[in-house]
Amino acid sequence: MIDKAPLNTEYVYRINQVFDYIESNIEKPITLEELAAVANFSKFHFSRIFQSIVGETPFQFILRVRLEKAALLMVTNRKESISEIAYRCGFSDISIFSRNFKSYFKVSASQYRANKSNISNLSQHHSNSHQPDERPTQYFCPELKTIKWRTNMKLNKSVEVKELPKMTVAYIRHIGPYKGDDKLFENIWNKLFAWAGPRGLIGGDDFKSLVIYHDDPNVTIEDKLRMSVCITVPADTKVDGEVGKMEIEAAKYVIARFELTAQDFQEAWNWVYGQWFPTSGYQPDDKPCFEMYPEEPKDGKFIVDICVPVKPI
């Protein structure tokens with residue numbers, strides 16, 4: 001979770017379990033007793049332990065994650081009303097949602113949606129006027145009997161939408177800034193592989209390595225960003241300490257393959273959201289997105305599949 005050596009790894013493991021539980025149940029009422037039980041701490045001490053490790057009380061964390069999720073959905077799910085989104089994010093009272101949203105983002109929910117829409121439209125117009133050749137076009141692939149996309153985007157190798165199966169992953173989680181920090185990623189990967197290697201969990205036909213991004217960096221402040229470095233493992237794998245385990249549910253994803261240097265990742269993500277989505281007939285679905293690494297990096301170049309869950313507009 002938080003990459004700080006002095007933390008007791010058992011505590012890290014338990015707080016990560018709480019994070020995963022909250023993310024899976026964000027639309028439901030969540031009690032302190034529930035979270036204490038998930039963490040296997042006494043309810044009388046859980047809140048203090050959580051705050052000392054995370055820097056927020058459990059309810060401050062839940063409120064922030066709900067508000068940030070609502071902010072993201074208001075931009076990506078245009079057909080849903082603000083009230084519907086508020087309910088989906090665990091707010092049973094729209095007035096409470098509105099008050100907390102304005103307190104956190106300093107504008108009303110409707111203003112936030114309008115402002116982000118204008119920025120998105122301007123960005124798309126600017127992008128189209130300068131890079132018209134990067135816009136993808138659909139074609140039918142007879143061999144696979146599916147739709148794919150052609151693109152002249154120099155970093156992109158392929159784009160397709162397909163169903164990914166449920167995956168169980170072991171992970172080490174980081175909270176805080178990560179953009180462009182090659183050393184951070186290298187250290188976390190080394191820790192994870194050092195744990196997985198002696199357990200015989202590396203390799204095999206179905207083995208995958210991926211990085212899950214739990215928060216939108218355009219919404220969440222850098223110090224609170226959550227990122228999980230993961231490998232796929234058998235469902236019955238035992239984990240402990242800073243290594244946690246979670247399931248990624250089966251879903252339909254756009255999978256955009258790129259060949260990138262460490263400095264190109266943001267450009268690739270921007271292309272998926274700014275160029276591919278507006279012409280695709282899809283919108284992002286309400287699940288975490290991730291990067292998948294089908295090959296070892298070579299000569300400073302990464303082959304990366306950017307995977308974003310999708311649903312029809």
Side-chain angles (χ1 to χ4, degrees), residues 1-26 30 33-43 45-46 49-56 58 61-62 65 164-176 178 181 183-215 224-251 287-294 296 305 307 309:
M1 189 191 75
I2 304 174
D3 193 18
K4 296 179 182 176
L7 287 179
N8 181 295
T9 55
E10 175 63 21
Y11 277 48
V12 170
Y13 173 77
R14 295 191 195 185
I15 295 301
N16 275 334
Q17 295 297 102
V18 173
F19 282 166
D20 294 341
Y21 181 84
I22 291 170
E23 193 159 345
S24 298
N25 295 278
I26 200 72
I30 300 174
E33 287 78 6
E34 279 178 77
L35 298 181
V38 169
N40 199 24
F41 285 123
S42 161
K43 67 179 181 180
H45 304 292
F46 168 71
I49 292 169
F50 186 97
Q51 185 171 6
S52 69
I53 293 176
V54 179
E56 299 171 281
F61 177 83
I62 291 169
V65 171
L164 289 181
K166 182 172 75 173
M167 295 182 283
T168 301
V169 298
Y171 66 83
I172 293 178
R173 183 163 293 152
H174 170 77
I175 298 179
Y178 53 74
D181 193 340
K183 198 67 179 175
L184 169 69
F185 282 93
E186 181 182 341
N187 288 341
I188 299 176
W189 280 118
N190 287 342
K191 280 186 188 179
L192 188 57
F193 282 121
W195 171 85
R199 291 166 172 80
L201 296 172
I202 299 174
D205 292 340
D206 296 326
F207 178 79
K208 295 178 176 63
S209 56
L210 51 150
V211 177
I212 298 176
Y213 298 100
H214 302 271
D215 304 296
K224 303 295 185 183
L225 288 171
R226 295 168 296 153
M227 171 267 291
S228 298
V229 172
C230 313
I231 58 170
T232 51
V233 295
D236 60 354
T237 300
K238 304 297 183 187
V239 297
D240 56 21
E242 63 182 332
V243 179
K245 186 175 75 172
M246 62 181 164
E247 285 190 347
I248 302 173
E249 62 183 275
K287 299 176 182 67
C289 52
F290 51 87
E291 295 165 353
M292 199 150 50
Y293 297 85
E296 286 288 319
D305 289 337
C307 305

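Just so it is clear, the values below take in all heavy atoms, side chains as well, and ignore hydrogens, waters and symmetry mates.
Side-chain contact between Tyr171 and Asp20: present, with at least one pair of heavy atoms (C-beta onward) separated by less than 4.5 Å. Between Glu249 and Met167 the shortest side-chain heavy-atom distance does not fall below 4.5 Å. Residues Ile248 and Phe290 form a side-chain contact, since some pair of their non-hydrogen atoms from C-beta on lies under 4.5 Å apart. Contact annotation: the side chain of Leu35 approaches that of Ile62 to within less than 4.5 Å [non-hydrogen atoms, C-beta and beyond]. For the pair Arg199/Thr237, no side-chain contact is recorded, criterion being any heavy-atom separation below 4.5 Å from C-beta on. The shortest distance between side-chain heavy atoms of Lys224 and Asp215 does not fall below 4.5 Å. His214 places a side-chain heavy atom less than 4.5 Å from the side chain of Ser228. Side-chain contact between Ile15 and Val54: present, with at least one pair of heavy atoms (C-beta onward) separated by less than 4.5 Å.
Between the side chains of Asn40 and Tyr13, not a single donor N or O lies within less than 3.5 Å of an accepting N or O.
Between atom CD1 of residue Ile49 and atom CZ of residue Phe46 there is a gap of 8.5 Å, rounded to the nearest 0.5 Å. For the atom pair Gln17 CD and Met246 CE, the distance stands at 10.5 Å (nearest 0.5 Å). Atom OG of Ser52 is separated from atom NE2 of His45 by 12.5 Å, given to the nearest 0.5 angstrom. In this structure, the separation between CD on Glu242 and NE2 on His174 is 12.5 Å, given to the nearest 0.5 Å.
The two residues Val243 and Ala170 make their nearest non-hydrogen contact at CG1-CB, 4.1 Å. Closest non-hydrogen pair, Glu56 versus Phe61, comes out as OE1-CD1, 3.6 Å. When every heavy atom of Ala39 is checked against every heavy atom of Arg14, the shortest pair comes out as O-CD, 2.7 Å. Looking at every heavy atom in both residues, Pro309 comes nearest to Pro288 through CD-O, 3.6 Å. Residues Ile212 and Cys230 come closest through the heavy atom pair CD1-SG, 3.8 Å. Nearest heavy-atom pair across Val65 and Ile26 is CG1-CD1, 3.9 Å.
When the shell of 6.0 Å around CG of Asp206 is examined, it contains 12 or fewer heavy atoms from other residues, nucleotides or ligands. Within 6.0 Å of the CD atom in Glu296, the count of heavy atoms belonging to other residues, nucleotides or ligands does not exceed 12.
A centroid separation of less than 6.0 Å is found between the aromatic rings of Trp189 and Phe193. Checked against a 6.0 Å centroid threshold, the rings of Phe41 and Phe50 do not count as neighbours.
Taking Tyr21 as the reference, Glu34 meet the side chain to side chain donor-acceptor pair (under 3.5 Å) condition, with sequence neighbours excluded. Remark: Ala196 engages Leu201, Ile202, Ile231 in a side chain to side chain contact (heavy atoms under 4.5 Å, CB included) (not counting sequence neighbours).
Thr232 places no side-chain N or O within 3.5 Å of a backbone atom of Val169 that could act as its donor or acceptor partner.
With Tyr213 as the aromatic partner, Arg226 does not meet the cation-pi criteria of under 6.0 angstrom to the ring centre and within 45 degrees of the ring axis.
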*Step by step, work out the side-chain hydrogen bond (donor to acceptor under 3.5 Å, both in side chains) result for Asn16 and Tyr11.*
CA-CA 9 Å; Asn16 275 334; Tyr11 277 48; over 6 Å; no
*Can you check side chain to side chain contact (heavy atoms under 4.5 Å, CB included) on Val211 and Met292, steps first, answer last?*
CA-CA 7 Å; Val211 177; Met292 199 150 50; over 6 Å; no
